Amino acid sequence: MSQVDAGWGAGPSGRYETLAERFRPVFAEIRATAVERDRERRLPHAEIGWLREATFTTLRLAPSEGGHGASLPELFALLIELSAADSNVTNALRAHFGFTEDALCSSSPEWRAAWIARIGAGETVGSGVSETGPAKVGAFDTVVRRRDGRPVVDGRKFYTTGSLFADYIHLAAEDEAGGAVTAAVPVRAPGVTIVDDWDGFGQALTASGTVTFEAVALDPALIKPDPARFPYATAFFQLVHLATLAGIGRAAAEDVARLVAERTRVYSHGNAGRTADDPQIQAVVGRVRSNAYAAGAVVLKAAEAVQRVSDAHRAGSPELERQATLADVEVNQAVSVVTDLVLSATTSLFDALGASAVKVGAGLDRYWRNARTLASHNPRIYRDRSVGAFAISGEAPPRQYRVGAA
């Protein structure tokens, strides 16, 4: 069924349905076991493998490079659909899609060619950026040193989302002089240890735990010549979270409608002989679905702004910096709106089903848990402040909160 026929609206391009049809059977297979995997804390190794086999991880590459030439709005529309199947899987691939943009935007032809070839062959990249502890903003405790003439990594990363499923870890670190270093570290390199110790109540299957690097020898060819990230990185990574939230809202809307339609028990003080005919229950279901619809529409509108930055970069446009600032503004404006819409939807859906909605088998609690966890990334109060500062004085939002930050 197309998005139009399902009532979610047209995709972002005339060819979107053809592109999406390739992946929808995989999304359906992922969704079929999502509740069970969440309950058993079973990591989605197989599910991410299916997406690799379907070439979902190469979406942004040109067809000649093993990809599909997807635009950014097309990518984000597909991420909404994937998130409706399982938001954990989208989050686990977030760093990979960001690394893909890094490769596409790289100023080094050699680095670009090498990584486009690896990504086109199905290899994936996880996150090794964030750290806990006393490191100051703009600095990392993870260090690349020279030993016997070779670069060696020592350090510890947390929130290493997706690395347990990936072939490489995208590492942000410092050299001995305090300069920025960006590298890709093979997950099976001696001295790399990945631990699934993320214990959050939501997004539990993203493997967002700890990676330690103990005297890990780095191939110099895996150190990026220019450590800078792509010019729309901040907007891109935040928009992945918003697309994931929109997908959670869509899945919650579909599930609550299905469960109400199937429900045979009625409230003694209800308004109809069947729960599905009760106008108050219908209003709850309608509000949940409307919130999900609006969240998706906002995400795709913001994706257009991010696409404009990508286009400006490819064209070498003098408008690049301004377009990047405006994309940050649009995405920040979307944060509070999408967050409120989806948190409201995943809370109010319980009013349609009563105590039945909290049964473990229903799986509805995971929508709120996952949405609340995602909404806690880069808190919206800071996004609201940056939007207000732009509106009042034209102040540009912070581009990065920490060097190399995702």
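This is a predicted model, so every value here is computed, not measured.
- Residue Arg322 places its CZ atom among 12 or fewer non-hydrogen atoms of other residues, nucleotides or ligands, all under 6.0 Å distant.
- No salt bridge links Glu36 with Arg39; every basic N to acidic carboxylate O contact stays at or beyond 4.0 Å.
- Side chains of Gln203 and Ser87: a donor-acceptor N/O pair is present below 3.5 angstrom, by distance only.
- Ring centroids of Phe97 and Phe76 are separated by 6.0 Å or more, keeping the two rings apart.
- Of the possible donor and acceptor atoms, one in the side chain of Asp154 sits under 3.5 Å from a partner among the backbone N and O of Ala215.
- In terms of heavy atoms, Pro397 sits closest to Asp328 at CG-CB, 4.0 Å.
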Exercise. For Phe165 and Leu43, what are the C-alpha separation, side-chain angles and deciding distance, and is it a side-chain contact (heavy atoms from CB on, under 4.5 Å)?
Worked result: CA-CA 9 Å; Phe165 313 113; Leu43 297 176; 3.9 Å; yes
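- For the pair Arg118 and Trp115, the cation-pi test (distance below 6.0 Å, angle within 45°) is passed.
- Side-chain polar atoms of Ser386 and Asn332 form a donor-acceptor pair below 3.5 angstrom.
- Of all heavy-atom pairs spanning Ala251 and Ala84, the tightest one is CB-O, 3.2 Å.
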Problem set entry | Worked verdict on Thr193 versus Phe213 for side-chain contact (heavy atoms from CB on, under 4.5 Å) | CA-CA 7 Å; Thr193 303; Phe213 303 92; over 6 Å; no
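- Residue Ala173 comes nearest to Val143 through the heavy atom pair CB-N, 4.5 Å, listed as atom of the first residue, atom of the second, then distance.
- In this structure, the ring of Phe27 has its center no less than 6.0 angstrom from the ring center of Trp50.
- More than 12 heavy-atom neighbours from other residues, nucleotides or ligands sit within 6.0 angstrom of CZ on Phe350.
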Problem set entry | Verdict with supporting geometry, Asp86 and Arg31, salt bridge (Lys or Arg N to Asp or Glu O under 4.0 Å) | CA-CA 6 Å; Asp86 188 343; Arg31 187 169 185 172; over 6 Å; no
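- Looking at Ser356 and Arg263, their side chains do bring a donor and an acceptor atom within 3.5 Å of each other.
- The NZ atom of Lys359 sits 10.0 Å away from the CG atom of Leu259 when rounded to the nearest 0.5 Å.
- Under a cut-off of 6.0 angstrom, the local environment of OH in Tyr16 is crowded, with over 12 non-hydrogen atoms contributed by other residues, nucleotides or ligands.
- Thr346 OG1 to Trp368 CH2: the interatomic distance, rounded to the nearest 0.5 Å, is 8.0 Å.
- Minimum heavy-atom separation, Pro231 to Ala324: O-CB, 3.7 Å.
- Residues Glu174 and Thr142 bring no donor and acceptor atom of their side chains to less than 3.5 Å of each other.
- Using modelled atom types, one finds no donor on one side chain facing an acceptor on the other under 3.5 Å when comparing Ser127 with His170.
- In terms of heavy-atom proximity, Thr160 sits nearest to Gly209 at OG1-O, 2.8 Å.
- Of all non-hydrogen atoms in Thr100 and Leu61, the two that sit nearest each other are CG2-CD2, 4.0 Å.
- Between Val152 and Val216 the shortest side-chain heavy-atom distance does not fall below 4.5 Å.
- For the residue pair Ser2/Glu17, the side-chain donor-acceptor check at 3.5 Å is not satisfied.
- In this structure, CG on Asp226 lies 11.5 Å from SG on Cys105, to the nearest 0.5 angstrom.
- The closest side-chain donor-acceptor pair between Gln307 and Asp311 falls under 3.5 angstrom.
- The line from CD of Glu262 to CG of Leu353 is 10.0 Å long, rounded to the nearest 0.5 Å.
- The number of heavy atoms from other shown groups lying within 6.0 Å of CZ (Arg188) does not exceed 12.
- Salt bridge status for Arg258 with Asp255: present, with a side-chain N to carboxylate O gap under 4.0 Å.
- Between the side chains of Arg383 and Gln333, no donor N or O sits under 3.5 Å from an acceptor N or O.
- Here the two rings, on Phe230 and His313, have centers that are 6.0 Å apart or farther.
- Side-chain atoms of Thr373 and Asn370 include no donor-acceptor pair closer than 3.5 Å.
- In this structure, Phe236 has its ring center at least 6.0 angstrom away from the ring center of His241.
- Defined by atom type and a distance below 3.5 Å, a donor-acceptor pair is missing between the side-chain atoms of Thr206 and Asn88.
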For this session: Would you sort out whether Glu74 and His68 count as a side-chain contact (heavy atoms from CB on, under 4.5 Å), showing the intermediate values?
Result: CA-CA 10 Å; Glu74 287 172 338; His68 301 274; over 6 Å; no
For this session: Determine, stepwise, if the pair Glu81 / Arg24 fulfils salt bridge (Lys or Arg N to Asp or Glu O under 4.0 Å).
Result: CA-CA 8 Å; Glu81 293 200 40; Arg24 283 177 181 155; 2.9 Å; yes
Exercise. What's the verdict on side-chain contact (heavy atoms from CB on, under 4.5 Å) for Ile169 and Ile194, showing C-alpha distance, side-chain angles and the deciding distance?
Worked result: CA-CA 10 Å; Ile169 300 168; Ile194 305 175; 4.2 Å; yes
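- Remark: Ile116 CD1 to Arg112 CZ distance equals 4.5 Å, nearest 0.5 Å.
- When atom types are taken as modelled, the side chain of Lys224 and the backbone of Ala228 share a donor-acceptor pair closer than 3.5 angstrom.
- Side-chain atoms of Thr124 and Arg52 form a donor-acceptor pair, as typed in the model, at a separation below 3.5 Å.
- Note that the OG1 atom of Thr182 and the CH2 atom of Trp111 stand 8.0 Å from one another [nearest 0.5 Å].
- Residues Arg37 and Pro44 have side chains in contact (heavy-atom distance under 4.5 Å, counting atoms from C-beta outward).
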